[in-house]
Amino acid sequence: MTSNDPAAADLERSSERWLAWLAGELARRHYSPGSVLFALWDVLEEWFASDDFAGSALAAAVVAPPDGRGPAAHAVLVEHRQATRRLLEDLARSAGARDPAALAGQLLTLVEGAMAGALIDRHPGVARHARELTRIAIGGG
């Protein structure tokens, strides 16, 4: 969806880079299918602690959606959420989740919440809390 709106186009590029980076990091680290959902939080915690995260337009947009910047930026954020959900569903499926779509929705909420906590509180360890919630979600209770 390349936009004519420069801010939306920047956000779209940021989303594409981030999704490719996240998938690449998870693949590069050779986690077993059963542990990849927990590895997600290791990768995100490292990102949360980086200078890249602190200056991330994508993280800022997730925490404070760019509605005031027009419909194009909002549409990019909607696309980003859908792509992130698909990635998480693929991870959940590869981990043998009973309901990959439902787990992906839960994980998306955790990822976005962890991003907000890490950005606002400047505390990358929030990913460890999300890891524990992932354990609970996988266990079904």
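Atom set for the values below is all heavy atoms of this structure, side chains included, hydrogens, waters and symmetry mates excluded. Position 1 is the first residue of the sequence; numbering continues from there.
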- Message: side-chain contact (heavy atoms from CB on, under 4.5 Å), that's the test. Do W21 and V43 meet it? Break it down for me.
- Response: CA-CA 10 Å; W21 168 82; V43 171; 3.5 Å; yes
- Do you reckon V78 sits in the same ILVMFWY cluster as L87, going by side-chain contacts under 4.5 Å, direct or chained? no
- Closest heavy-atom pair and its distance - L19, A83: CD1-CB, 3.5 Å
- Message: Quick check: do L22 and L40 have side-chain heavy atoms less than 4.5 Å from each other?
- Response: yes
- Q106 versus L110: any side-chain heavy-atom pair under 4.5 Å? no
- Any side-chain heavy atom of V111 sitting closer than 4.5 Å to one from V62? no
- Item | Set of ring pair (Phe, Tyr, Trp, His ring centres under 6.0 Å) partners for F53, sequence neighbours left out | W47, F48
- Query: Between R93 and E89, is there a side-chain N and carboxylate O pair less than 4.0 Å apart?
  - Reply: yes
- Kindly indicate whether the side chain of D121, heavy atoms from C-beta on, has any atom under 4.5 Å from the side chain of V126. no
- Item | Main-chain N/O of D52 paired with S56 side-chain donor or acceptor, under 3.5 Å | no
- Test side chain to side chain donor-acceptor pair (under 3.5 Å) applied to R85 - qualifying residues, sequence neighbours left out: none
- Query: Shortest non-hydrogen contact from A114 to A130?
  - Reply: CB-CB, 4.4 Å
- Task: Taking all non-hydrogen atoms of both residues into account, name the closest pair between L37 and L91 and its distance.
- Result: CD2-CB, 3.7 Å
- Item | Salt-bridge contact D42-R131 (side-chain N to carboxylate O under 4.0 Å) | yes
- For the student: nearest non-hydrogen atoms of A97 and L103, plus distance: CB-CD2, 3.7 Å
- Query: Do the non-hydrogen side-chain atoms of R128 and E132 ever get within less than 4.5 Å of each other?
  - Reply: no
- Query: Which value, rounded to the nearest 0.5 Å, describes the distance between L58 atom CG and E12 atom CD?
  - Reply: 12.0 Å
- Query: How would you list, by chain and number, every residue that makes a side chain to side chain donor-acceptor pair (under 3.5 Å) with E112, sequence neighbours excluded?
  - Reply: R81
- Between S14 (side chain) and D10 (backbone), is there a donor-acceptor pair under 3.5 Å? no
- Message: If you count every heavy atom of other residues, nucleotides or ligands that lies below 6.0 Å from R29 atom CZ, does the total exceed 12?
- Response: yes
- Message: Please find the pair of heavy atoms, one from A54 and one from L119, that lie closest to each other, and give the distance.
- Response: O-CD1, 4.3 Å
- Item | Minimum heavy-atom distance between A8 and A73, given as atom pair plus value | CB-N, 3.6 Å
